[in-house]
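Encoded as structure tokens, the structure appears first; notes follow it.
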2 protein chains.
Amino acid sequence: MAWEEVLAQNGYRVTAPRRAILLVLQGATQPLTPEEILAQARQLHPSLGLVTVYRTLDVLNALELVRCAHRDRACHGFLPATQGHHHVIICQKCHRAVEFPGDEDLEGLFRRIEEQTGYRVCDHLLQLAGLCPACQKEEAIEPYPLEEKI
Amino acid sequence: MAWEEVLAQNGYRVTAPRRAILLVLQGATQPLTPEEILAQARQLHPSLGLVTVYRTLDVLNALELVRCAHRDRACHGFLPATQGHHHVIICQKCHRAVEFPGDEDLEGLFRRIEEQTGYRVCDHLLQLAGLCPACQKEEAIEPYPLEEKI
DNA sequence: CCCTTTTTGAAAAATATTTTCAGTAACATC
DNA sequence: GATGTTACTGAAAATATTTTTCAAAAAGGG
């Protein structure tokens, strides 16, 4: 289904600024920042403002028409690192984090990706979210609030 | 090896502000933001400034004493999403991205993590970095610059 | 074509991060 | 232990990013 239809069917209006942003994103071959989307979309709709880009991205993300990707390994929190183990699982309720190994388990997947995409896999980012043992027990009493943010 | 030794052996000075930050991070059970680290570390070294937290995190990250984790699913770039496929591989050189499926391959790993950690796995974030077919060919001529940022 | 409601863009506010710079402190050398 | 070099520090300012506010404009059902 075309993106404009999805918007309309979900009660969102199809406006010129949104159309410009949609076109830019539909043509994207790499993750674009809001600022980059603005620059490209202004060629289609010069009066476009950055705020509208942020708001439209929220909508498109909620409708799962776009996906977000991390650039430049930017991060938001720091943990002590244990040598050799490179992944983390964080409790969605209490935020307690533990590390786990897992690179061996991923090798098979990586080889398959390399065959399917032609890319060479050099590095990876894997992070899990879940419920720690303690929070699983309390869940029946007080369910954790669903993550609203993108 | 103790963190202070690692600092010293790599030519960094062991100072009171750094010691305070080290202690906070070593005791962390969840990913902490620079602001959160500041608040806790000021109890050990009241004159500490936020700038020093950022700078110390850069050092600790370079020495691989800390690991960074993404909080609240924050993101830095947007791509059009294809239904059902939830992972992306991005070329480190030209930044071209392609999606691939892979949830089935991860199930085994997730079950193992659940057994080992007691956590229940609810959600995951997997993103790969690599070289696209075109950039692999050109690599001999012009190697891609290594990612310096955290 | 009109009315209601959503959407828009500008400006301001709130947040987050980096740079600059003069003073301070670590530590190698004496 | 004193001393000199150099790295490190904190405050302030600069820069960057995202959100909020609000009056005006536009969508689209009637």
Side-chain angles (χ1 to χ4, degrees), chain A residues 2-24 31-39 41-63 66 68-78 148-150, chain B residues 2-24 31-39 41-63 66 68-78 148-150:
Chain A
W3 288 15
E4 296 193 10
E5 285 180 61
V6 180
L7 281 179
Q9 291 193 2
N10 286 83
Y12 294 100
R13 292 182 182 174
V14 177
T15 65
R18 281 179 178 167
R19 261 193 288 260
I21 295 167
L22 293 187
L23 280 173
V24 168
L32 300 174
T33 62
E35 203 66 61
E36 288 166 346
I37 293 165
L38 177 70
R42 269 193 170 156
Q43 298 178 348
L44 303 167
H45 187 79
S47 71
L48 182 65
L50 182 58
V51 202
T52 298
V53 176
Y54 276 102
R55 286 187 285 224
T56 302
L57 285 171
D58 284 346
V59 171
L60 296 177
N61 203 54
L63 296 174
V66 295
C68 64
H70 299 272
R71 296 177 29 146
D72 297 330
R73 317 187 131 271
C75 78
H76 298 87
F78 291 85
E148 294 297 342
K149 310 191 84 174
I150 41 171
Chain B
W3 289 15
E4 297 192 8
E5 285 179 61
V6 178
L7 281 179
Q9 291 193 2
N10 285 84
Y12 294 100
R13 292 182 182 173
V14 177
T15 66
R18 281 178 179 169
R19 261 193 288 259
I21 295 167
L22 293 186
L23 280 173
V24 168
L32 301 175
T33 61
E35 204 66 61
E36 289 166 344
I37 293 166
L38 177 70
R42 271 192 169 156
Q43 297 178 349
L44 303 168
H45 188 78
S47 71
L48 183 65
L50 183 58
V51 202
T52 298
V53 176
Y54 276 102
R55 285 187 285 222
T56 302
L57 285 171
D58 284 346
V59 171
L60 296 177
N61 202 53
L63 296 175
V66 296
C68 64
H70 300 272
R71 297 177 28 145
D72 298 331
R73 318 186 129 270
C75 78
H76 298 88
F78 291 86
E148 293 297 340
K149 309 191 83 174
I150 40 170

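In what follows, chains carry the letters A, B, and so on, assigned in the order in which the sequence lines appear, proteins first and then strands, with residues in each chain numbered from 1.
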Can you find a side chain N or O atom of [X] that sits less than 4.0 Å from OP1 or OP2 on [N]?
X	N	answer
A:Thr15	C:dT6	no
A:His45	C:dT8	no
A:Thr52	C:dG9	yes
B:Thr33	C:dA16	no

Gap between atoms [atom1] and [atom2], on [X] and [N] respectively (whole Å):
X	N	atom1	atom2	answer
B:Tyr12	D:dT9	OH	P	12 Å
B:Leu48	D:dC8	CG	P	15 Å
A:Gln9	D:dG29	CD	P	12 Å
A:Leu50	D:dT20	CG	P	14 Å
B:Leu38	D:dT9	CG	C1'	13 Å
B:Ile37	C:dA16	CD1	P	13 Å
B:Asp58	D:dA7	CG	C1'	15 Å
A:Phe78	C:dA16	CZ	P	14 Å

Looking at every non-hydrogen atom in both residues, tell me the closest pair between [X] and [Y] and how far apart they are.
X	Y	value
B:Leu7	B:Arg13	CD1-O, 4.5 Å
B:Val53	B:Ile21	CA-CD1, 3.8 Å
A:Leu38	A:Leu50	CD1-N, 3.8 Å
B:Cys68	A:Cys75	CB-SG, 2.8 Å

Q: Just call it for B:His76: base, sugar-phosphate, or nothing, with non-hydrogen atoms closer than 4.0 Å on any strand.
A: nothing
Q | Sugar-phosphate, base or nothing in reach of B:Ser47, heavy atoms under 4.0 Å | A | sugar-phosphate
**Q.** Geometric class of the B:His70/A:His70 ring pair [parallel <30°, tilted 30-60°, perpendicular >60°]
**A.** tilted
Given [options], the nucleotide with the shortest approach to the side chain of [X]:
X	options	result
A:Arg55	D:dC22, D:dA11, D:dC8	D:dC22
B:Arg13	C:dT7, C:dA11, C:dA26	C:dA26
B:Pro34	C:dT17, C:dT19, D:dC8	C:dT17
B:Val51	C:dA26, D:dA12, C:dA10	D:dA12
B:Arg18	C:dT7, D:dC8, D:dA11	D:dC8

Q | Residue whose nearest DNA chain C nucleotide is more 5′ - B:Ala8 or B:Tyr54 | A | B:Tyr54
